[in-house]
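The structure appears below as structure tokens.
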Amino acid sequence: MSKVLVLSPRDYPPLNTRPNSPLDFAHDDLTPCDDPIFPDLPPLHHGHPDVHLRNGILAADSGAHPDAERAFFVADLAQVYAQHLRWRACLPHIHPFYAVKCNPDPYVLRLLAALGAGFDCASNGEISQVLAIGGVDPDRIIFANPCKAISFVRNAAKMGVACMTFDNCDELFKIARAHPRARLVLRILTDDSKALCQLGIKFGAPLDAVPTLLAKARELDLDVVGISFHVGSGCYDPSVYTDAVRRARTAFDMGAAAGYRFSLLDVGGGFEDALFEQAAVYLTDAIDTFFPDRSEIKIIAEPGRFYVSKAFSLATNIIARRAPLELSSGDPPPAEQPSVMYYINDGVYGAFNCILFDHQVVQPFVLSMGGSFHVAATEPLHTSSVWGPTCDSIDCVCPTTQLPRALRVGDWLGFHNMGAYTVCAASQFNGFQVSKVVYTTGNFKASEVRSILAKFATEIV
Ligand SMILES: *Cc1c(COP(=O)(O)O)cnc(C)c1O
């Protein structure tokens, strides 16, 4: 496969190499559109996300609100758009069905709807959320949860969502009762040992169970239309797609033996940003090898993380600082032990739930220190730990990292790549609110993104 140009709006100078003055972004037009594209949604700003990180900090430091210093996300929709262009360049024959659970952000859903993506929904709530946008036909939804409550199956029928996955016999009985005209996709088990989040322990029929399941589906007069798999979320060895597609081929042949003519191959999610081009090559080669004749097969995927991970950054305020207990005696710390603990105002019960649930390791960078956005590269560092705001000791964001010695309460730490499996699973444990999102169309093809959204908005009224 040919090498693909990777478009990334992150290719800007890092924050701290820029001039040290709030005035340096006076040139950026930060005002939201006078004419909001979606009047019911928060404003959609112009300008580079870094500018909005700084702007949010300046607004907070002016202290106008009771919770002035609260943490906030900046979402760059241009980054989501860039990922879509990357997808289309690398996998032009695979139709993406965005996995809503990864980040059901209203702007992200609208942009992807406008770009023609489909949606992978796992519940009534997600189906309703996608259909409520308007302009998304229920045909563009796959109900990709193999184990559904019967009321959810009934509701899918009512909403006109016909495509759904299954991996067990009971599901077939439920669907035969509640949605006999459904178009079923059999989720098979594949090797997910090379992924951060293995899904095979919960879902997927092993190949040797496939003939029995298909015979049962036949007996119940159900329409099975294809095969799906998921190599695991956060897949770090994209060569596993080869074996997954090979197994899907075997399942297609089992389908033919059972009298079905499958027309859908769903290659699931698992696409990691950094490995995407590599994954696309493995996938394309495997599909060429095992499905050389694709004239009657539609191929879809269910990417989640790939679309949103890089699009969201989080700004957090240092609300407290103290010495680790064992250091309070005044003894110097062993070199590698943190010598200071920083407490920030979002944690593992909020946006950083990705540390617990999604096995992520996060690294902070200094957004502002001592009222300045400029941190000299020569700034002396010390080993530090970073903690969330709740009273639970599990609420540790970063057990050890290097941060400037001069960092104090009131300074701000930033985190990139906070778009996947973060906002969506944040709780309000201990009375801490979920961090709000500031939206921008960024600097990369911003006017294109706005006109895509604006056109979509006029189509759905
Ligand atoms: C979570 C999930 C996805 C998305 O996975 P990513 O690794 O975020 O791409 C896709 N399909 C199903 C069925 C899922 O459960």
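Whatever order the structure lists ligands and atoms in, that order sets their numbers, starting from 1.
No donor-acceptor contact under 3.5 angstrom links the side chains of H45 and Y439, judged on distance only. In summary, the side chains of E272 and Y236 do not present any donor paired with an acceptor at a separation below 3.5 Å, with no hydrogens or angles considered.
Between R86 and D273 there is a salt bridge, since at least one side-chain N of the basic residue sits less than 4.0 Å from a carboxylate O of the acidic one.
Evaluation of the side chain to side chain donor-acceptor pair (under 3.5 Å) test over residues 175-190, restricted to residues two or more places apart or in two chains, returns none.
Here the CZ atom belonging to F152 is positioned 11.5 Å from the SG atom belonging to C121, to the nearest 0.5 angstrom. From F271, atom CZ reaches atom CD of E302 across 9.5 Å, with rounding to the nearest 0.5 Å.
Considering backbone and side-chain atoms together, R187 places no N or O closer than 3.5 Å to any N or O of ligand 1. Looking at ligand 1, you'll find an N or O of G304 within less than 3.5 Å of one of its N or O atoms.
The two residues L77 and L111 come nearest to each other via the heavy atoms O-CD2, 3.5 Å. Of all the heavy atoms in G442 and P49, the pair that sits closest is CA-CD, 4.2 Å.
Scanning the protein heavy atoms around atom 7 (O) of ligand 1, the nearest turns out to be S233 OG, 2.5 Å.
Atoms of ligand 1 found under 4.0 Å from any heavy atom of A99, numbered from 1 in the order shown, are 3 (C), 4 (C), 10 (C). Close contacts of ligand 1 with R305, meaning ligand atoms under 4.0 Å from a residue heavy atom, involve 6 (P), 8 (O), 9 (O). Each of the atoms 13 (C) of ligand 1 lies under 4.0 Å from some heavy atom of A144. Atom numbering of ligand 1 starts at 1 in the shown order; those under 4.0 Å from a heavy atom of D120 are 10 (C), 11 (N), 12 (C), 13 (C).
Residue contacts with ligand 1 for T165 are absent, since no atom lies close enough (heavy atoms, distance under 4.0 Å). Residue contacts with ligand 1, taken as heavy atom pairs separated by less than 4.0 Å, involve P303 solely via the backbone atoms N, CA, C and O. Residue contacts with ligand 1 for F203 are absent, since no atom lies close enough (heavy atoms, distance under 4.0 Å).
The residue among Y421, Y307, F306 with a heavy atom at the shortest distance from atom 8 (O) of ligand 1 is Y421. For atom 2 (C) of ligand 1, the candidate residues are E302, K101, H230; the nearest heavy-atom contact is made by K101.
Under a cutoff of 6.0 Å and an axis angle of 45°, K436 and F73 do not form a cation-pi pair.
A heavy-atom separation below 4.0 Å is found between G270 and ligand 1.
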